[in-house]
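This report concerns only the one structure given below.
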Amino acid sequence: MSNVTYKYIKQNKDVQTYIAHADSALFKIGYTEHSTAHAEICARTAHMILQNCGFDERTCELAQIAAYMHDIGNVVNRQDHAQSGAVMAFRLLDCMGMPAEEIAVIVSAIGNHDERTARPVNPVSAAVILADKCDVRRSRVRQGVIDEAMSGVYTQDIHDRVNYACVKSVVSYCDQRGAIVLDLTIDEKISSIMEYFEIFLNRMVLCRKSAETLGTRFELVMNNSRIL
């Protein structure tokens, strides 16, 4: 075990710089927020999932680190950003002196989080996939899109519209059912539930597979009705 902790990663100036520049690049090409807010939410969710599934604390922390760093590859290009991010994370963590055994787990998780090529290859990668794909929320929408929506004109990109329509998003673990639950409240005046599935169905299937990797189930609740 190394002394490279989640707290250390959060405070590392190089990691912070890559996250900030990656988010700026995505802003320029019209993507939703991928700042430290997204990174921290994903890290918190990934830790919660593995902790509730009974994994040891260091494995939970490795999931936090992987989730926090998972989008740094966007600084290179959106295309293949998972693989770029994995290579960047390898260099950063190797320079910090993290053992190869831990680096291998983290870079596998980062390299396998994008839905086009994602696979839950280990528990940490499964937790990162779930945390990333479940971060659906209004505050991820850029201010210009919010201004448009506030005017009552919902012509923006479907991804923005669906995120803006999400007025509540909670990820939790239900001991009683042994399931990871994503509970969403969607304002159907802004976006229909069908539109949510139009862009997120593949992600929800990936969440189901990731939950199965962890020996649990994935449930989706929308507007107080269980969908999956």
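Numbers here are sequence positions counted from 1.
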Roughly how far, to the nearest 0.5 Å, is [atom2] of [Y] from [atom1] of [X]?
{"X": "Q64", "Y": "T5", "atom1": "CD", "atom2": "OG1", "answer": "9.5 Å"}
{"X": "L62", "Y": "I106", "atom1": "CG", "atom2": "CD1", "answer": "5.0 Å"}
{"X": "D135", "Y": "R140", "atom1": "CG", "atom2": "CZ", "answer": "4.5 Å"}
{"X": "N52", "Y": "D175", "atom1": "CG", "atom2": "CG", "answer": "6.0 Å"}
{"X": "L93", "Y": "M69", "atom1": "CG", "atom2": "CE", "answer": "4.5 Å"}

Minimal non-hydrogen separation, [X] against [Y], with atom names:
{"X": "V181", "Y": "C174", "result": "CG2-CB, 4.1 Å"}
{"X": "I9", "Y": "V4", "result": "CD1-CG1, 3.8 Å"}
{"X": "Y68", "Y": "Q16", "result": "OH-NE2, 2.5 Å"}
{"X": "I72", "Y": "A89", "result": "CD1-N, 4.0 Å"}
{"X": "A37", "Y": "R137", "result": "C-NH2, 4.0 Å"}

If a pair satisfies ring pair (Phe, Tyr, Trp, His ring centres under 6.0 Å) and one of its residues is in [range], list it, with sequence neighbours excluded.
{"range": "residues 95-135", "value": "H70-H113, H81-H113"}
{"range": "residues 89-110", "value": "none"}
{"range": "residues 203-228", "value": "none"}

Under the side-chain contact (heavy atoms from CB on, under 4.5 Å) rule, collect the residues that match up with [X], sequence neighbours excluded.
{"X": "N224", "value": "none"}
{"X": "S169", "value": "C166, L182, L184"}
{"X": "S192", "value": "M194, E195"}
{"X": "D14", "value": "N12, Y18, L92"}

Fill in the blank from the handout: Contacts of E219 meeting salt bridge (Lys or Arg N to Asp or Glu O under 4.0 Å) (sequence neighbours excluded), chain-then-number -> R177, R217, R226
Practice task
Scan side-chain atoms only and decide if N163 and E33 contain a donor-acceptor pair under the 3.5 Å cut-off.
Solution key: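 N163 vs E33: no donor-acceptor pair found between side chains.
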Problem - salt bridge (Lys or Arg N to Asp or Glu O under 4.0 Å) assessment of R58 paired with D56 - result: CA-CA 6 Å; R58 184 55 179 172; D56 63 272; over 6 Å; no
Problem - More than 12 heavy atoms from other groups under 6.0 Å of OH on Y31 - result: no
Exercise for the section: Dump the intermediate steps for side-chain contact (heavy atoms from CB on, under 4.5 Å) on H38 and D132, then the final yes or no. Expected result: CA-CA 8 Å; H38 175 60; D132 181 39; 3.0 Å; yes
Find out if a path of hydrophobic residues (ILVMFWY) with successive side-chain heavy-atom gaps under 4.5 Å connects [X] to [Y].
{"X": "V124", "Y": "V87", "value": "no"}
{"X": "I193", "Y": "L220", "value": "yes"}
{"X": "L26", "Y": "V15", "value": "no"}
{"X": "I65", "Y": "I110", "value": "yes"}
{"X": "M98", "Y": "Y8", "value": "yes"}

Problem - ring-ring contact (aromatic ring centres under 6.0 Å, His included) against F55, all qualifying residues, sequence neighbours excluded - result: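 So F55 forms no ring-ring contact (aromatic ring centres under 6.0 Å, His included) with any residue.
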Handout entry: Sub-4.5 Å side-chain heavy-atom contact between R116 and Q79
Key =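 Yes, side chains in contact.
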Could you go through residues 39-51 and list every donor-acceptor pair under 3.5 Å that involves a side-chain atom there, pairing it with any protein atom two or more places apart or in another chain?
| from | atom 1 | to | atom 2 | distance (Å) |
| --- | --- | --- | --- | --- |
| T45 | OG1 | I41 | O | 2.9 |
| H47 | NE2 | E57 | OE2 | 3.0 |

Exercise for the section: Please test L130 against L214 for side-chain contact (heavy atoms from CB on, under 4.5 Å), starting from the C-alpha separation and ending with a verdict. Expected result: CA-CA 11 Å; L130 283 157; L214 298 173; 4.0 Å; yes
Practice task
Could you go through the side-chain hydrogen bond (donor to acceptor under 3.5 Å, both in side chains) check for N74 and H21 one step at a time?
Solution key: CA-CA 8 Å; N74 283 302; H21 280 263; over 6 Å; no
Do any side-chain atoms of residues 199-209 form donor-acceptor pairs under 3.5 angstrom with protein atoms, and if so which ones, sequence neighbours left out?
| from | atom 1 | to | atom 2 | distance (Å) |
| --- | --- | --- | --- | --- |
| R203 | NE | E115 | OE2 | 3.0 |
| R203 | NH2 | E115 | OE2 | 3.3 |
| R208 | NH1 | E212 | OE2 | 3.1 |

Exercise for the section: Indicate yes or no for a side-chain donor-acceptor contact from D23 to the backbone of H34 under 3.5 Å, with no hydrogens or angles considered. Expected result: yes
Handout entry: Side-chain (N112) to main-chain (S108) donor-acceptor, under 3.5 angstrom
Key = yes
Practice task
Report the C-alpha separation of D71 and I19 in whole Å, then their side-chain angles, then the decisive distance to 0.1 Å, and conclude whether the side-chain contact (heavy atoms from CB on, under 4.5 Å) test is met.
Solution key: CA-CA 7 Å; D71 271 334; I19 291 174; over 6 Å; no
Problem - Qualifying side chain to side chain donor-acceptor pair (under 3.5 Å) pairs with a residue from residues 82-100, counting only residues at least two apart or across chains - result: Q83-T117
Exercise for the section: Given side-chain contact (heavy atoms from CB on, under 4.5 Å), test I227 with Y196 step by step and report yes or no. Expected result: CA-CA 12 Å; I227 308 298; Y196 176 89; over 6 Å; no
